[in-house]
Amino acid sequence: MKKVNRLYIISSIIFTISFILFFICIIKTSCEKKEMSRLSEDIKESNKEEKEEQAKGNGLDYYIIGDQPVISEFKNFYLKNNDIIGWIKVEGTNIDYPVMQTPEDEQFYLHRDFYKEYSFCGCIFADAEANIDRPSDNIITYGHHMIDKSMYSEIEYWDSEDYYKKHRFLEFDTLRATGTYEIIAAFRTAVYPDNYKGFEYYRFVNASDEGEFNDYVLECKKLTPYTVPTSAEFGDQLITLSTCAYHRVNGRFVLVAKKIKGEEIDYMKAPIEVIDN
């Protein structure tokens, strides 16, 4: 009887601790979402000012911060954290986040927020090999699949053709340019062992030639469970969104889009200001 009581007490303690940790996690996640929302509002305000300038025919104004050209909308963010390389947004979804990059430690933001503090949600971050200065053929970005539908959880919705038809575009602005992208593929796959010889979407950043680029696009479209009429050809800029999926061990859900329009910095104009950083 004493043994049963002891087990009951231990179980109760474990349950209580688990509940407290779960509650703390919910509170922290809620705070992180509020902070992301605030950052999003800041970027929207910056975008509004930038678009007003573009409407005047002035192109994209920019600052030089350190040695990095930075368009106006990102000035305040870059001064706070120069790991930011852009902002990704999909209208009608929760995807509305800064994109970070740390080439020396690719997964630095896996569990860190914009301010480099611990965060279970982490940030959206780019592959270490991706380059926004001389744009890579493909910018691969990663985000958690959160139970509250934050970060990249919702990209799995593109498994549905009906959802794709209603959400064909996304926005990805970088420090140097704005960009509208159109979805060309959405599929389930996996991360494989190093000796695997099949399709490894997560290794494609720059094509060595046209054939390699076309093969990559073809394989992405083959894996898509429905027909996407839009494709891409050598010379197009791609962006890839990747998150965990649970259809198999090391499963992933992947969204691929190509750039269809955007504005770049007008280097014929002097920068608004040169800022040491």
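We number each residue from 1, following the sequence as shown.
Hydrophobic clustering of Ile, Leu, Val, Met, Phe, Trp and Tyr side chains at less than 4.5 Å, counting indirect connections, unites Tyr192 with Tyr142. Residues Tyr152 and Ile147 do not share a hydrophobic cluster, clusters being chains of Ile/Leu/Val/Met/Phe/Trp/Tyr side chains in contact below 4.5 Å. Residue Phe234 is grouped with residue Ile140 when hydrophobic side chains (ILVMFWY) are merged at heavy-atom distances under 4.5 angstrom, including chains of intermediate members. Follow the hydrophobic side-chain contacts under 4.5 Å out from Val191 and you reach Val256 in the same cluster. Residues Phe169 and Ile155 do not share a hydrophobic cluster, clusters being chains of Ile/Leu/Val/Met/Phe/Trp/Tyr side chains in contact below 4.5 Å.
Asp83 places no side-chain N or O within donor-acceptor distance of the main-chain N or O of Thr102, the cut-off being under 3.5 Å. Looking at Lys221, its side chain never comes within 3.5 Å of a backbone N or O of Pro229 through a donor-acceptor pair. A donor-acceptor pair under 3.5 Å is absent between the side-chain atoms of Gln237 and the main chain of Lys259, judged by distance alone. Judged by distance alone, the side chain of Ser153 and the main-chain N or O of Met146 form a donor-acceptor pair under 3.5 Å. Looking at Asp173, its side chain does come within 3.5 Å of a backbone N or O of Gly179 through a donor-acceptor pair. Proximity of a side-chain donor or acceptor of Asp61 to a complementary backbone N or O of Ser72 within less than 3.5 Å is not detected.
For the residue pair Phe187 and Cys220, the shortest heavy atom distance occurs at CD2-O, 3.6 Å. Heavy atoms only, all atoms of each residue included: Ser231 and Ile184 are closest at O-CG2, 3.9 Å. Between Met151 and Ile95 the shortest heavy-atom distance is O-CG1, 3.6 Å. Minimum interatomic distance between Glu154 and Asn94 (heavy atoms only, all atoms of both residues): OE1-N, 2.5 Å. Listed here is the closest heavy atom pair of Ala257 and Leu170: CB-CD2, 4.1 Å. Between Ala128 and Pro103, the closest heavy-atom pair is CB-O, 3.7 Å.
Distance check: Lys166 NZ to Glu161 CD gives 12.0 Å after rounding to the nearest 0.5 Å. Note that the CD1 atom of Ile139 and the OG1 atom of Thr141 stand 9.0 Å from one another [nearest 0.5 Å]. To the nearest 0.5 Å, atom CG of residue Asn131 and atom CG of residue Asp137 are 11.0 Å apart. Taking CG of Asn250 as the start and OG1 of Thr189 as the end, the distance is 10.5 Å to the nearest 0.5 Å. Put simply, CZ on Arg188 and CG on Leu223 are 12.0 Å apart, with the number rounded to the nearest 0.5 Å. Interatomic distance, Glu117 CD to His111 NE2, rounded to the nearest 0.5 Å: 15.5 Å.
At a threshold of 4.5 Å between non-hydrogen side-chain atoms, the residues His144 and Leu110 count as touching. A heavy-atom distance below 4.5 Å is found between the side chains of Asp127 and Val205. Residues Trp158 and Val90 form a side-chain contact, since some pair of their non-hydrogen atoms from C-beta on lies under 4.5 Å apart. At least one side-chain heavy atom of Lys116 sits less than 4.5 Å from a side-chain heavy atom of Phe108. Contact annotation: the side chain of Ile132 never approaches that of Gln101 to less than 4.5 Å [non-hydrogen atoms, C-beta and beyond]. Side-chain contact between Asn82 and Ile65 is absent, with no heavy-atom pair separated by less than 4.5 Å. Side chains of Arg176 and Gln68 form a contact here, defined as non-hydrogen atoms less than 4.5 Å apart. Ile88 has its side chain within reach of Leu241: a pair of non-hydrogen atoms, C-beta onward, lies under 4.5 Å apart.
No more than 12 heavy-atom neighbours from other residues, nucleotides or ligands sit within 6.0 angstrom of CD on Glu264. Asp209 CG: more than 12 foreign heavy atoms inside a 6.0 Å radius.
Proximity of the aromatic rings of Tyr62 and Tyr267 is defined here by a centroid distance below 6.0 angstrom, and this criterion is met.
With 3.5 Å as the limit, one finds a donor-acceptor pair spanning the side chains of Thr240 and Asn138. Residues Asp148 and Ser150 bring a donor and an acceptor atom of their side chains to less than 3.5 Å of each other. A donor-acceptor pair shorter than 3.5 Å cannot be found between the side chains of Tyr157 and Thr93.
Between Tyr246 and His145, the ring planes are tilted. Angles from 30° to 60° get that label. In this pair, Tyr216 and Phe199 present their aromatic rings tilted. The plane angle is within the 30 to 60° band.
A salt bridge does not link Lys258 to Glu233: none of the charged side-chain nitrogens sits closer than 4.0 Å to a carboxylate oxygen. Remark: Arg168 engages Glu182 in a salt bridge, criterion side-chain N to carboxylate O under 4.0 Å.
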**Q.** Residue pair Glu263, Ile71: steps toward the side-chain contact (heavy atoms from CB on, under 4.5 Å) verdict
**A.** CA-CA 10 Å; Glu263 297 283 340; Ile71 62 177; over 6 Å; no

Q) Tyr164 and Thr224: side chain to side chain donor-acceptor pair (under 3.5 Å), yes or no, with the steps? A) CA-CA 11 Å; Tyr164 151 73; Thr224 302; over 6 Å; no

Q: Please lay out, stage by stage, how Tyr202 and Arg252 fare under the test side-chain contact (heavy atoms from CB on, under 4.5 Å).
A: CA-CA 10 Å; Tyr202 43 88; Arg252 297 291 186 272; over 6 Å; no

Q: Would you sort out whether Phe204 and Phe213 count as a side-chain contact (heavy atoms from CB on, under 4.5 Å), showing the intermediate values?
A: CA-CA 9 Å; Phe204 180 76; Phe213 186 94; 3.8 Å; yes

(Q) With side-chain contact (heavy atoms from CB on, under 4.5 Å) as the criterion, how do Ile272 and Lys75 come out once you've worked through the C-alpha distance, each side chain's angles and the decisive distance to 0.1 Å? (A) CA-CA 11 Å; Ile272 297 173; Lys75 173 198 169 189; over 6 Å; no

Q.
Between Arg203 and Glu129, is the salt bridge (charged side-chain N to carboxylate O under 4.0 Å, His left out) condition met? List the steps.
A. CA-CA 9 Å; Arg203 300 197 188 280; Glu129 301 298 319; over 6 Å; no

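Trp87 pairs with exactly one of Phe172, Phe77, Phe74 by the ring pair (Phe, Tyr, Trp, His ring centres under 6.0 Å) rule, that one being Phe77.
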